[in-house]
K.L.:
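Quick one: the structure is below, and I'll ask about it shortly.
Every value quoted in this text rests on a predicted model; they were computed, and no experiment measured them. Counting from 1, the numbers follow the sequence of the chain as shown.
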Amino acid sequence: MKEYSSDKQFAAEADENDPLKNFREKFLIPVRPDGEKVIYLAGNSLGLQPKSLRSYVEQELKDWETLGVEGHVHAKNPWLPYHELLTDKTAKITGAKPEEVINMNSLTSNLHFLFISFYRPDKKRYKILIESNAFPSDHYAVQSQINFHSMIAGTDCFDAGNALIEMKPRKGEDRIRTEDIEDLIEKDGESIALVWFAGVNYYSGQAFDIERITKAAHKKGCTAGFDLAHSAGNMLLKLHEWNVDFAVWCNYKYLNGGPGAIGGAFVHEKHLRDNTLPKFLGWWGHDKKTRFLMDHRYIPIPTAESWQLSNPPILQLAALNASLDIFEEAGMENLRIKSEKLTAYLEFLLKEKNDNNIEIITPSEKNERGCQLSLRLRSGGRDTYNRLIGEGVICDWREPDVIRVAPVPLYNTFEEVRNFSGILHGDKLYF
Ligand SMILES: *Cc1c(COP(=O)(O)O)cnc(C)c1O
């Protein structure tokens, strides 16, 4: 018996039997000019707005309106400790202890701040290992960290020119094999200061084995950090247990915190009380009890909060809090169960069509991918993408030849996935 079927009936029943089916109602789905809802498959790029988000933000606007500065202490949710409302929920989503996570700044800023603590090159150990097709911002940030340290240390200390190791897939392959990452670290590890990988590659949709990569890095004395932009709210993460040193992510993709949402960061418990770590400081990292004594003796909060610099943007935290409450209610494990089915269904439909022009470059194994499938179109990709947009499918195009689609378990349905496949293949009878 086949697990999936392209019959309309199958999709209808899968939606009917979906234990998370009511969560779609909690989101605002964009509509086309004709009033029909779009098929939104871009939650990996910008998550949709929770309906509840407005009231979370309005509460803070109201408290500001009626209390002014007194809101820091007397708001319904006082602003001084406001970020603490999000801590446990963020920890659950990332598989961390509450003291290991903090929502602050934005992704690339957090990358730089944490690199200050965790990338400390010296003559012998100065290289950074990344994926060759890492996200551009990560490339710029990592290269600029290398350049910065080389300027400070002097060019005779280490060679900035060969400090970046960019790992490519084997010839003819799209995914990087874990065993190849392990072999490279085993071979060159002594000169590698930091292994910096994505949790899920934004382009190929490949999910990396964070636990194995971390283990391989530690075995050779390297630090292991991860960019979880495409993992947080998508994959089941166990950052504490996997012994990851540090990680950063954004909250506007799968986590629906809104455009440009405040970012997230993780620092493993074992580093939290290490006062030898270099760190750029601000008053929001200082001990909460004595912060307002305003003296100049810095006492760090013994948690990831000590990486905070400024008092945080409450409106952004409120927006994110609305979405985190929905994740709390749905549960990451439940979301992942649905997500695996929904993406496997999409893969089934695409493979059944047997269209030679479309190649799925995302791995087929469920542990090697999240929601997203990246479709390489051998020809006419850009036109196909434009046609999809014209027919009410929101997905995205990545040069030179890839369309990324991500059915998200919180608000996408099996019926939408089926309709997408029909539209992609220009198969009107499909409905
Ligand atoms: C989305 C994304 C970013 C974006 O960085 P911002 O600082 O939030 O603008 C960076 N890196 C990766 C891997 C991403 O997927």
K.L.:
Report the C-alpha distance between R24 and E416 in whole Å, list the side-chain angles of each, state the deciding distance to 0.1 Å, and finish with yes or no for side chain to side chain contact (heavy atoms under 4.5 Å, CB included).
P.N.:
CA-CA 12 Å; R24 179 174 168 85; E416 285 181 300; 3.1 Å; yes
K.L.:
Taking atom CG of N357 and atom CG of D355, what is their separation to the nearest 0.5 Å?
P.N.:
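Going from the CG atom of N357 to the CG atom of D355 covers 5.5 Å.
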K.L.:
Restricting to pairs with a member in residues 18-46, which pass ring-ring contact (aromatic ring centres under 6.0 Å, His included), not counting sequence neighbours?
P.N.:
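Residue pairs passing ring-ring contact (aromatic ring centres under 6.0 Å, His included), neighbours aside: F27-Y411.
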K.L.:
So do T343 and C371 actually touch side chain to side chain, heavy atoms under 4.5 Å?
P.N.:
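C371 reaches T343 side chain to side chain.
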K.L.:
Which pair of heavy atoms, one from S204 and one from T362, lies closest together, and at what distance?
P.N.:
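Looking at all heavy atoms of both residues, the closest pair is O-OG1, 2.7 Å.
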K.L.:
Using a strict cut-off of less than 4.0 Å between a Lys/Arg side-chain nitrogen and an Asp/Glu carboxylate oxygen, indicate whether R120 and D122 qualify as a salt bridge.
P.N.:
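No, this pair does not count.
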K.L.:
Might you point out which heavy atoms bring H72 and P78 nearest each other, and give the distance in Å?
P.N.:
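Minimum heavy-atom contact is O-CB, 3.4 Å.
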K.L.:
If you compare all heavy atoms of F348 against all heavy atoms of S6, which two are closest, and at what distance to 0.1 Å?
P.N.:
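Closest pair (atom of F348, atom of S6, distance): CE2-N, 3.8 Å.
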K.L.:
Check for me whether K253 meets the cation-pi criterion with F135, that is, NZ or CZ under 6.0 Å from the six-membered ring centre and within 45 degrees of the ring axis.
P.N.:
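Yes; both conditions hold, so K253 lies above the ring face of F135.
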K.L.:
Side chain to side chain contact (heavy atoms under 4.5 Å, CB included) for K51 and K26? Distances and angles first, verdict last.
P.N.:
CA-CA 6 Å; K51 288 179 183 165; K26 295 180 189 291; 5.8 Å; no
K.L.:
As a test of understanding, state which of I128, L164, D138, I130 forms a side chain to side chain contact (heavy atoms under 4.5 Å, CB included) with Q143.
P.N.:
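The residue from I128, L164, D138, I130 that satisfies side chain to side chain contact (heavy atoms under 4.5 Å, CB included) with Q143 turns out to be L164.
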K.L.:
Please tabulate, one pair per line, all N/O donor-acceptor pairs under 3.5 Å involving side-chain atoms of residues 85-93, not counting sequence neighbours.
P.N.:
residue	atom	partner	partner atom	Å
T87	OG1	H83	O	3.4
T87	OG1	E84	O	3.4
K89	NZ	L85	O	3.4
K89	NZ	N321	OD1	2.6
K89	NZ	D325	OD1	2.7
T90	OG1	L86	O	2.8
T90	OG1	N103	ND2	3.0
K92	NZ	E328	OE2	2.7

K.L.:
I would like to know whether K341 and E3 meet salt bridge (charged side-chain N to carboxylate O under 4.0 Å, His left out); could you show each step before the answer?
P.N.:
CA-CA 10 Å; K341 285 188 192 150; E3 202 180 345; over 6 Å; no
K.L.:
What distance separates N105 CG from L309 CG, expressed to the nearest 0.5 Å?
P.N.:
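Going from CG on N105 over to CG on L309, the span is 6.0 Å.
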K.L.:
Identify the residue among I360, L373, L41 that makes a side chain to side chain contact (heavy atoms under 4.5 Å, CB included) with L346.
P.N.:
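Only one option passes, and that is L373.
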K.L.:
Counting C-beta onward and ignoring hydrogens, is there a side-chain heavy-atom pair between L335 and L20 closer than 4.5 Å?
P.N.:
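Yes. Closest side-chain heavy atoms under 4.5 Å.
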K.L.:
One thing to verify: whether K238 and E211 come together as a salt bridge, which I'm taking to mean a side-chain N less than 4.0 angstrom from a carboxylate O.
P.N.:
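No, no charged N to carboxylate O under 4.0 Å.
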K.L.:
Near R273 CZ, under 6.0 Å, is it more than 12 heavy atoms from other residues, nucleotides or ligands?
P.N.:
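Open.
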K.L.:
If you measure from the Lys or Arg side-chain nitrogens to the Asp or Glu carboxylate oxygens, is any gap between E399 and R382 under 4.0 Å?
P.N.:
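The answer is yes: the pair qualifies as a salt bridge.
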K.L.:
Residues two or more places apart in sequence or in another chain: which of them pass side chain to side chain contact (heavy atoms under 4.5 Å, CB included) with A193?
P.N.:
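Side chain to side chain contact (heavy atoms under 4.5 Å, CB included) check on A193 returns Y119, R125.
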K.L.:
I want to check something: taking the side chain as every heavy atom from C-beta on, are S106 and I262 in contact at a cut-off of under 4.5 Å?
P.N.:
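They are not in contact (no side-chain heavy atoms under 4.5 Å apart), so the answer is no.
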K.L.:
In terms of heavy-atom contacts, does NZ of K215 have more than 12 from other residues, nucleotides or ligands at under 6.0 Å?
P.N.:
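Check fails, neighbour count at 12 or below.
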K.L.:
Looking at R32 and D34, is there a salt bridge between them, counting it only when a charged N and a carboxylate O are closer than 4.0 Å?
P.N.:
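Judged by the 4.0 Å cut-off on N to carboxylate O distance, D34 and R32 do form a salt bridge.
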K.L.:
I'd like to check the side chain to side chain donor-acceptor pair (under 3.5 Å) partners of T108; sequence neighbours left out, ordered by chain and number.
P.N.:
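T108 satisfies side chain to side chain donor-acceptor pair (under 3.5 Å) with S137 once adjacent residues are dropped.
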K.L.:
Do the side chains of V402 and I361 get nearer than 4.5 Å, heavy atoms only?
P.N.:
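I361 reaches V402 side chain to side chain.
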K.L.:
Taking the ring centre of each residue, are F226 and F197 less than 6.0 Å apart?
P.N.:
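No: the rings miss the under 6.0 Å criterion.
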K.L.:
Hey, are the side chains of I192 and L194 touching, using non-hydrogen atoms and a 4.5 Å cut-off?
P.N.:
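Side chain of I192 against side chain of L194, heavy atoms only: no contact under 4.5 Å found.
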K.L.:
May I ask you to decide if the ring planes of H268 and H240 are parallel, tilted or perpendicular, using 30° and 60° as cut-offs?
P.N.:
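It falls in the parallel class, under 30°.
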K.L.:
Taking all non-hydrogen atoms of both residues, which atom of W79 and which atom of G68 are closest, and how far apart?
P.N.:
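Closest approach of W79 to G68, heavy atoms only: CZ3-O, 3.4 Å.
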K.L.:
With a 4.5 Å cut-off on side-chain heavy atoms, are S374 and Y202 touching?
P.N.:
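Side chain of Y202 against side chain of S374, heavy atoms only: no contact under 4.5 Å found.
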K.L.:
Using 4.0 Å as the upper bound for N to carboxylate O, is an ion pair formed by K270 and D245?
P.N.:
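Between K270 and D245 there is a salt bridge, with a charged N closer than 4.0 Å to a carboxylate O.
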K.L.:
In the structure I gave you, are the side-chain heavy atoms of L424 and T384 within less than 4.5 Å of one another anywhere?
P.N.:
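In short, these two side chains touch, coming nearer than 4.5 Å.
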K.L.:
Any ring-ring contact (aromatic ring centres under 6.0 Å, His included) pairs touching residues 299-335, not counting sequence neighbours?
P.N.:
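The answer is none; no pair qualifies.
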K.L.:
I'd like to know if the side chain of N147 pairs up with that of S150 as donor and acceptor (distance under 3.5 Å, no hydrogens or angles considered).
P.N.:
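No donor-acceptor contact under 3.5 Å links the two side chains.
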K.L.:
So, S310 and Q308: side-chain donor and acceptor under 3.5 Å apart, yes or no?
P.N.:
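Short answer, no.
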K.L.:
What do you reckon, are the aromatic ring centroids of W196 and F115 less than 6.0 Å apart?
P.N.:
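Aromatic pair counts; centres sit under 6.0 Å.
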K.L.:
Would you call K288 and E305 a salt bridge, taking side-chain N to carboxylate O under 4.0 Å as the test?
P.N.:
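Yes.
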K.L.:
Side chains of E347 and S364: is there a donor and an acceptor less than 3.5 Å apart?
P.N.:
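Yes - a donor-acceptor pair under 3.5 Å links their side chains.
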K.L.:
State whether a side-chain donor-acceptor pair under 3.5 Å links S52 with S55.
P.N.:
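The criterion, which ignores hydrogens and geometry beyond distance, is not satisfied for S55 and S52.
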K.L.:
Ignoring hydrogens and angles, tell me if any N or O in the side chain of D7 forms a donor-acceptor pair with the backbone of Q9 under 3.5 Å.
P.N.:
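Checking the backbone N and O of Q9 against the side chain of D7, no donor-acceptor pair under 3.5 Å is found.
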K.L.:
Using 4.0 Å as the upper bound for N to carboxylate O, is an ion pair formed by K21 and D15?
P.N.:
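Not counted as a salt bridge, because no side-chain N and carboxylate O are separated by less than 4.0 Å.
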K.L.:
Answer yes or no: does atom CH2 of W397 have more than 12 heavy-atom neighbours from other residues, nucleotides or ligands under 6.0 Å?
P.N.:
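More than 12 heavy atoms, drawn from other residues, nucleotides or ligands, come within 6.0 Å of this atom.
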K.L.:
For I299 and R297, what are the C-alpha separation, side-chain angles and deciding distance, and is it a side chain to side chain contact (heavy atoms under 4.5 Å, CB included)?
P.N.:
CA-CA 7 Å; I299 307 169; R297 201 170 58 85; 3.7 Å; yes
K.L.:
Count the heavy atoms of every other residue, nucleotide or ligand shown that sit under 6.0 Å from OH of Y298, and state whether that count exceeds 12.
P.N.:
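Atom OH in Y298 is crowded, with more than 12 foreign heavy atoms closer than 6.0 Å.
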K.L.:
Could I get the full list of ring pair (Phe, Tyr, Trp, His ring centres under 6.0 Å) partners for H271, not counting sequence neighbours?
P.N.:
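Ring pair (Phe, Tyr, Trp, His ring centres under 6.0 Å) list for H271, sorted by chain: F118.
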K.L.:
Mind running salt bridge (charged side-chain N to carboxylate O under 4.0 Å, His left out) on R376 and D174 for me, showing each step along the way?
P.N.:
CA-CA 11 Å; R376 171 174 294 141; D174 288 297; 3.0 Å; yes
K.L.:
Locate the shortest heavy-atom distance separating G199 from I210; write the atom from each residue and the value.
P.N.:
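Heavy-atom minimum between the residues: CA-CD1, 4.1 Å.
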K.L.:
Over 60° means perpendicular and under 30° means parallel, so tell me whether F414 and Y345 are parallel, tilted or perpendicular.
P.N.:
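Taking Y345 first and then F414, their aromatic rings sit tilted (interplane angle of 30° to 60°).
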K.L.:
So does K97 get a backbone contact from the side chain of E100, meaning a donor-acceptor N/O pair under 3.5 Å?
P.N.:
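Present.
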K.L.:
Salt bridge check: are K62 and E58 linked by an N-O gap of less than 4.0 Å?
P.N.:
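Between E58 and K62 there is no salt bridge, as every charged N stays at least 4.0 Å from the carboxylate O atoms.
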K.L.:
Tell me, please, whether W284 has R291 positioned over its six-membered ring: NZ or CZ under 6.0 Å from the ring centre and within 45 degrees of its axis?
P.N.:
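Yes - R291 lies over the ring of W284, closer than 6.0 Å to its centre and within 45° of its axis.
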K.L.:
Charged N to carboxylate O under 4.0 angstrom, R175 versus E131?
P.N.:
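Not counted as a salt bridge, because no side-chain N and carboxylate O are separated by less than 4.0 Å.
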K.L.:
Please tell me if the side chains of W242 and L237 come closer than 4.5 Å, counting only heavy atoms from C-beta onward.
P.N.:
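Yes - at least one pair of side-chain heavy atoms lies under 4.5 Å apart.
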K.L.:
Is a donor from one side chain sitting under 3.5 angstrom from an acceptor on the other, for N44 and Q372?
P.N.:
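Yes.
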